[in-house]
Structures are given as C-alpha cells and as structure tokens.
Amino acid sequence: MGSTQSPPVTFASINPKVLKCEYAVRGEIVSHAQRLQQELQTKPDLHPFDEILYCNIGNPQSLGQQPVTFFREVLALCDHPSILDKSETHALFSSDAIARARQILDLIPGRATGAYSHSQGIKGLRDAIAAGITARDGFPANADDIFLTDGASPAVHMMMQLLIRSEKDGILCPIPQYPLYSASIALHGGSLVPYYLDEAAGWGLEIFQVKKQLEDARSKGIAVRAIVVINPGNPTGQVLAEENQREIVEFCEKEGLVLLADEVYQENIYVENKKFNSFKKIARSMGYGEKDLSLVSCQSVSKGYYGECGKRGGYMEVTGFSADVREQIYKVASVNLCSNISGQILASLVMNPPKVGDESYESFAAEKNGILSSLARRAKALEDAFNGLVGVTCNKAEGAMYLFPRLHLPQKAIEAAKAVNAAPDAFYARRLLDATGIVVVPGSGFGQVPGTWHFRCTILPQEDKIPAIIARLKAFHESFMGEFCD
Amino acid sequence: MSPKPLDYESLNENVKKVAYAVRGELYLRASELQKEGKKIIFTNVGNPHALGQKPLTFPRQVVALCQAPFLLDDPNVGLLFPADAIARAKHYLSLTSGGLGAYSDSRGLTGIRKEIADFIERRDGYPSDPELVFLTDGASKGVMQILNTIIRNEKDGILVPVPQYPLYSATISLYGGCLVPYYLEEEANWSLDFYNIRQSVAAARSKGITVRAMVIINPGNPTGQCLSEANIRELLKFCFQENLVLLADEVYQQNVYQDERPFISARKILFDMGPPISKEVQLVSFHTVSKGYWGECGQRGGYFEMTNLPPQTVDEIYKVASVSLSPNVPGQIFLGLMVNPPKPGDISYARFVAESKAVLESLRRRAHIMTDGFNSCRNVVCNFTEGAMYSFPQICLPPKAIEAAKKAGKAPDVFYCLKLLEATGISTVPGSGFGQKEGVFHLRTTILPAEEEMPAIMASFKKFNDEFMEQYEDYRGYSRM
C-alpha cells in the first residue's frame, strides 16, 4: 500500500450497522444447502437424497407454482407494445388481455414502459390500485397516498429510515417476526422492542403484553415510534381476529405509535372462520380518520396466489401523516427515481384482477382457486405431519405460506448442539438438511421465547411431493430423537 | 395529544438533509404547469424513452417471451417473434429456477453474472469473476449499498466531484457521512485538478475527517467529459497513495460523442498498471441498462463489480443484498441482453445494429446542436458534451438578476430556470442541484429531446435567454425603462 494503513474497506472498517444486520432466510443453512446442491451435481451418490428441497423461503414459482396466465399476457404485451396492432396477436393472446394492455399503456406517458415514471409510480396505476383498495375495504383510498416500490421490502426500509434517528428509537416487533424487520432496524441503527406472540393461544397477540413491552422500553429511555404487525403472520401464520385488530388500532392511537401493517399475505387465508381485514378498514370502521392514526399498509405481488417474487412489485399506502412528512417520504423515494415499471403494472393487476364476465375470468378463477385450495391442503397436510411427530407441536397455518413447528428437544440434543457451538434448532435444521436435503430456517432467525426452539418450513413444494417430504421428515425425526433420547 | 412519531420535527435528521434536485423544485413546478395544460419539455432527467426514443426491438421481444413462456409452445409464436428472440428467451428462462416470477440469487442469476463477466473480459482484456458481480434494481441501489457499507459516521468522508450527480450527495446525507468536494475545472473542459483534489483531502483531514472513498463519474454527469487514460492512471495512483477505494460510476460508457477519448474502464487501467497498484487499489465499478443507447430506465437493471475487496467484506455486502431478497428478474435479463447483444449472422442483428447506431449517431448530432446552440446565446458558455446525456451551460447572470433572485427568495440559477420554464416550458435542473463554484451558475439539460424538435427548442431558449439578459443587464449604470 502507498501508506501503512490497512485498505479502506476491510471487514474491520465497514459500517458496524452492516455487521449487526442478520437475515437468516438466506443465511448460513442456505449456503450449506447450495454447497450440497453443487456436490449432488458432480457426485450424485454422495448424499442420501437426490435433490435439495428449498423450504426456507416464500418463493412459490421456484418450486413449480405457475404464474397467472392473464397477468403474464398483459405484462408481455406491455413489454412489447408494437405487437398490439398486429392481427397475428389475437391468435396468441386473449382479447381482454390485449384490451387491458392497451388501457394500461394509455395511462403511461408516451406509452413508454422504459421511462422512469413519477417517483410514487404511474398515476393511472395508482388510481387503479386505490380503486382496488376501496373495493376491498369499503372505505376510500387515494392515489396520492400510494408509493409503488420494488417489492414491499424497500417500503419497509424507507419507513425505518424516516422513523429511526438513533439507537434510542425503538420499533415494536412481533416475536417471532419476519427478519426483514430486525435486519432493517439494525441497518438503520435503531432498537427492536420485542412483543411476544402467544404460542399456546394460536400465536395470538395480547395487547396487555405489547403494553408491558412498550412501558419497559420507555423506562429504559427508548422512544418507541412504531409497531409492526404482520397479518396474516410470518412465520406464524395466524390471522388476527377483528377484535384484536381494534385493540391494536386503539393502542396505537392512544400511545402515539405509527402502525406498520405488513399485509402481504392478505390473499393467503386457509380457514373458513377467519378473513382478512385491512387495518385501514378496521380503523375507518371504528371512526378513526387521518387525524387519529398514522398508518402504513404494505402489499406485494410476491405472495397471494400470484407469487411473482422475481418481479419486485409492491406498494405502501400511507395515511395519517402531515404534508411536510409526506414530502420527505416523496423526496427519499425520488432519489431512487422510481420502481420498475413492469412491477408497477403487476401491482395494478393484482389489485384489479379479471372480473365475472371478462373473457379470461373463468380460466383466471380456476388458476387462482387451484393454487389457493392446494396451498390450504398442503398447509393442513404438513401441520398434521408435524403434529404427528413425537416431541413436535405445530400451530395451524391459518394464512401466509409457512409452518413454524416447535421442537421439544431432549437435553442430550441441546448439549450436542452446544458442543458444536450451534443453537439447538440450527443443529436440528442442519442435521435435517444433511439427512434429507430439506432446507428449513432455524427459529432463532425469527426470534422466539428464550429456551424454546422452532424452525420455519414453507408449504410451497408441489403437492405431489408432499407425501415424500413428510415421509423423509418423519424418518429423520425419529432417527434424531432416537439418537438423542434421554 | 402528544406529538406523533412521524411529525416533521421528529423525523430522522439525515432524511431532512437529503436534497435531490433532479426531481426537486423545478420538476414539481413543471409538473404543476403541465397539469394546468402547459406544454412542458422535460429535460430534467436522463430518461430517453420519455422523450420519444424507442426501445430496441430485440430485447423487448425476448423479455415479452420470458414473461409469457406459454407462448413458446404456441405454433403461432413465429408469426410475431423471430427465431433468435425465441431461442434467447429459452436461454434466459433456462438460467432461472422457475422463470421471471421466482426470487433469484440475491446477487442476481448466476448465468447472467457470467455473461456480464464475459463482457467485461472482452471489453477490457482482463478476466472478471462473476462471483464479484452483483446485480441490483438499477445502479443507484448499488451505489447506495456500497456507500452504506463504507460510511460509519459523520467523520467518514467521500470525495465527490463538483458538479456531481446528486445521488451521491443525497446518499451521503442519508447515511450520515461527509461529502468532500473536489472541483472539476470548467475552463479546462471539466478536467481533474489533482492539486485541488489534494487540497480538498488535506482540508478534510485537518478537520478530523477520514477520507475513505473517491467517486468518479466517467463519462461525467452533468459535465459530460470523458477522462483520458492519463487521467485515470493518475486517479488510481492517487487512490493508492491516499488509501481510497475508487467508486467508478461508468453508466454512460456507451455514450461517447468524440473520438479522441474513447471510454476506457478504470478496471482496465488498474490492471494495465500492474502490481502493486493492480493488487492493492480497491475498486467498485457501476453500470446500468438505463443509459447508453438502451435507455431502459424503467426496467431498473444495474450491476456493480468489485475488485480487490476482501472476501469478508464481499460476504457482508452479500448479506445486506439478501435482506432485499433479489433484484427484479426482467431487469437482469435486460442486462444480459445488453452485454450479449445479437451477433453478426443472427436474424435480428442487422435491425439491432441499425437501431443502436441510429440512436448513438443522433445523440452525437444533438450533443453538437445543443452545445453550439448554447454558445450562440448571450452570456452563455458551454463545454462540449463529450459523453453522457447532458449539457451543462454556464449562465453568466448579471448582478441585477442576482438581486432579483434574492428578492424572490430563490438561488440565482433557480430563479433563472423557473423563468425559463414559465416562458418556454423547458424544464431544466439548476446547477446548484449538482454543485458549482461559488458565484458561478449553470443549468443542466439533457440532449434527449427529439432531433427534429431541437432547433425549435434551442431557438426558444435563445429568445428567452437573450431577452432575460437584456432585461437584467445594465452596462450603462441605469436600468432600461
């Protein structure tokens, strides 16, 4: 080096917040799985399985789920609009897809899908999304409240950036939580204030618990700024009861907290007795308006029945903020210019799918219902399978895409884990992977009551693979418990 | 009721400090006027398709097929799509695990990163490791990620050229770092002045700032200058001596309008220089599909390539990338197509080349039309746009104009640009948005309006400017009636 100093960007000298940030969904166990996958390619007989099954991440189309045909038709036409006027196009595309593509392109200045749009997203698409929200909730939504983003995750980052001034700013997060929240809080230098969901009560949210955690944090000098609520829950899968939601809204209003409502699984509900209610709907139906509650609601194209993770489409609906704060949100959004246009178009399609009477409606409805009913069956099959294992209990997945079984591990297993410097659930997950090729994420990646162990497994492998997965899981588990029984 | 958490007063101060003029005051005013029915020519942002540039045909064909793979099995697909687009769509789909709708590796699809590494090798003559190429939702996200990795606190300084593209100043503000400016020499064609750069570094250090990185934008934005090989060598030597990581924003590498100084990547020069510099200097290079002759801004496709970064650091950067799961897959495919376009003999080759050439040749002509147009205006001096997409004329504002601006509560160049907007509908970005020397004013416009509209636009500008200057000039000691 020109000087005797160490180079500018070494591990020791990078931003410490980067070092603090963790994201288990693509963490160590996944890296190990990728190594095993490469080994399988060169030495197929090396392992007692012939494929890696990635059950670590909510990535439906990577496991064979098909995209919604109508959405893809419209997107293809918007990507290549010059074919819209050709007669041959009618031979390849449904006429309502062609009509929708034309209608969408008319909303885009110059029909230029390759141009940066308004930093909140194309106005006409936001209008369509607002209309979709209004139809869903029965309460009006405003295009100016919508910020289209590259997936819901950047919206979360933006809000954390606005809210967190220092480590003395706290954000209430459910435990267990989707680790985007813990990672984002760490990255922005804030404090995560945990509130524990009650496993014994179907992962229910006890407002009394939340209040206790809030007061505890405040007594330590933390200014608690917001509460994250994930509904339906990830990794826990519970769908909040309306009464619960009302308590949360009241609580936020009383305590002056921003409500960050992660609602990306709003179309993944598998039980008859529950339905999705947006927090906006609940708040408005209680008579809470813009002046009463600051609410950020996130939606995404990655989940639901559409599962379009790779497109990076999503939005946040921001209500209850003053004009000067909204200006700041806009300003931060503008530095990145805009989100990808194709993702914006997809978000508008998700919030305005084909309706009864449309040419594509029947096939659309069949695709949608096929996927959702299959997800419900898989959720049940895996839940039953986990509950059938000795030393495992598993709450029902009422919604979302995951199961989060609890492992009641024998002491010997816990000690064996300690001996190799691993958390017991990570130890179990690693052994599971090595024996079966199934990749799950250890519960410690999501947070859990200390001394309890879990793992998160998706319900996404194709339905015909589920029996084999269950059989392998069962065989592994029995062998593991046999090895470590007290 | 107690103050709410998201009241303006209690927002993160760093957010409040951020300024991004490209979509700031002028743009907002222009949008208002547009709503009122005024015809606006938006030259505030490098957004070619918004000004009528057509997308290249081949990539759109390929991506459309990737969006709707069921088309590939349809016997009629050949009626609408050429065989090489069909083959290429199949190729890119085979690189994914589940098509466009699945999250890819957080660094981007391995196959596309390999295509990019191959491109870099062909371009520079040195091998590139795909493992060190990370794809991002636009180059801006990559810049933000890298700066976030470097900036620990307000004592970490980043050398940034002035004038600069305000993504850099905005991001440094957002992450709470310190911007250390180095001024480009307008009279010497916006060249680097190492004496000045060294002074800036020394001044920063004397204030307790640890200067950690240096940004270069080549070709320059807003200034358009193309760095010479000698320039880049000197830069690399400087970074070596001063222990700085070089951040090379090379997003305009396809936009070069003179032949004396073609684009040469910082990485190529780095390796040409051999050890110890080639092994020691840390470098991150950025590229995108938004510029060049592609102009696919709306796709949000970009990448950065890391050279000489320790593996642990690369792991940390990967870790942060993984929190956002993956860059958008269609954007990744655009990147693959950009670095791996149709070749001679391909069905689509002739058309692709014709479309690309047409864009580049037109941009070159427009660079001249605009530069000459500005230079024909009173009190306006404009360096030639050697590269990139912008013109950055210097407007010599008379004292009376500066006074009038002050009275109106505006910076002088903002005042001028607002008047220009109201009179002509031309929406520019005042030079203060990019940084400039004290008392020297500029505006940034793009060279992107359609070629056939350029003469009228320049005439309109000249009329406004010369009338403005007449109104505010006062060389006889009294104002005109």
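Lettering follows sequence order; numbering is per chain, from 1.
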- At a heavy-atom separation under 4.5 Å, does A:Tyr306 approach chain B through its side chain, its backbone, both, or neither? neither
- Note on the structure: Honestly, the part of A:Phe93 sitting under 4.5 Å from a heavy atom of chain B is side chain
- Please look at B:Phe42 and chain A and tell me whether the side chain, the backbone, both or neither of the residue comes under 4.5 angstrom of a heavy atom of that chain. neither
- So which part of A:Thr69 gets closer than 4.5 Å to some heavy atom of chain B, the side chain, the backbone, both or neither? both
- Message: Report which part of A:Thr89 has an atom under 4.5 Å of a heavy atom belonging to chain B: side chain, backbone, both, or neither.
- Response: both
- Contacting moiety of B:Pro166, where chain A heavy atoms sit under 4.5 Å: neither
- Query: Side chain, backbone, both or neither: which part of A:Leu337 has a non-hydrogen atom closer than 4.5 Å to chain B?
  - Reply: both
- Interchain contact, B:Tyr103 with chain A, by part (heavy-atom threshold 4.5 Å): both
- Item | Which atoms of A:Leu92 approach chain B - backbone, side chain, both or neither, heavy atom under 4.5 Å | both
- Item | Top of B:Ser97, B:Ala50, B:Cys66 for chain A proximity - count of heavy-atom pairs under 4.5 angstrom | B:Ser97
- Query: Out of B:Ala170, B:Ser326, B:Ser140, B:Ala68, which one racks up the most heavy-atom pairs below 4.5 Å with chain A?
  - Reply: B:Ser326
- Message: Is A:Lys86 in contact with chain B via its backbone, its side chain, both, or neither, using a 4.5 Å heavy-atom distance?
- Response: side chain
- Task: Check the pair A:Glu327 / B:Tyr8 against side-chain contact (heavy atoms from CB on, under 4.5 Å), numbers first and verdict last.
- Result: CA-CA 10 Å; A:Glu327 252 172 55; B:Tyr8 184 79; over 6 Å; no
- Item | Under 4.5 Å from a heavy atom of chain B, the part of A:Ser334 involved | both
- Taking heavy atoms only and a threshold strictly under 4.5 Å, list by residue number the residues of residues 143-151 of chain B that touch chain A; give 'none' if the list is empty. B:Asn148, B:Thr149, B:Ile150, B:Ile151
- Rounded to the nearest 0.5 Å, what separation is found between the CG atom of B:Asn76 and the NE2 atom of A:His90? 13.0 Å
- Message: Which atoms of A:Ile57 are under 4.5 Å from chain B, going by heavy atoms: the side chain, the backbone, both sets, or neither?
- Response: side chain
- Query: Does any heavy atom of chain A fall under 4.5 Å from the side chain of B:Leu325, the backbone, both, or neither of them?
  - Reply: both
- Item | chain B contacts, top residue of A:Ile164, A:Val332, A:Ile83, A:Leu19 (heavy-atom pairs, under 4.5 Å) | A:Leu19
- So, the part of A:Ala91 with a heavy atom under 4.5 Å from chain B: the answer is both
- Go through the structure and list residues passing side-chain contact (heavy atoms from CB on, under 4.5 Å) with B:Ser322, not counting sequence neighbours. A:Tyr23, A:Arg26, B:Ser106
- Item | Region of B:Ser290 in contact with chain A, defined by heavy-atom distances below 4.5 Å | side chain
- Query: After noting the C-alpha distance and the side-chain angles of A:Arg72 and B:Leu100, does the key distance pass the side-chain contact (heavy atoms from CB on, under 4.5 Å) rule?
  - Reply: CA-CA 10 Å; A:Arg72 291 302 190 90; B:Leu100 263 53; 4.1 Å; yes
- Message: Regarding B:Gln299 and A:Thr113, do their side chains bring together a donor and an acceptor under 3.5 Å, going by distance alone?
- Response: no
- Query: Which bit of B:Tyr175 is near chain A, if near means a heavy-atom gap under 4.5 Å: side chain, backbone, both or neither?
  - Reply: side chain
- Measure A:His157 against the heavy atoms of chain B and call it side chain, backbone, both or neither at under 4.5 Å. side chain
- Message: Given heavy-atom pairs under 4.5 angstrom as the criterion, report whether the side chain, backbone, both or neither of B:Val45 touches chain A.
- Response: side chain
- Among B:Pro59, B:Gly101, B:Pro327, B:Gly98, which residue forms the greatest number of heavy-atom pairs with chain A at distances under 4.5 Å? B:Gly101
- Go through A:Cys21 and B:Val323 one step at a time and tell me if the side-chain contact (heavy atoms from CB on, under 4.5 Å) criterion holds. CA-CA 9 Å; A:Cys21 149; B:Val323 180; 3.9 Å; yes
- Task: Tell me, with the steps shown, if B:Val15 and A:Gln161 meet side-chain contact (heavy atoms from CB on, under 4.5 Å).
- Result: CA-CA 7 Å; B:Val15 167; A:Gln161 196 141 62; 3.9 Å; yes
- chain A interface, residue from B:Val18, B:Asp74, B:Val329 that has the most non-hydrogen pairs under 4.5 Å: B:Val18
- Item | A:Tyr181 portion near chain B, given a 4.5 angstrom heavy-atom threshold | neither
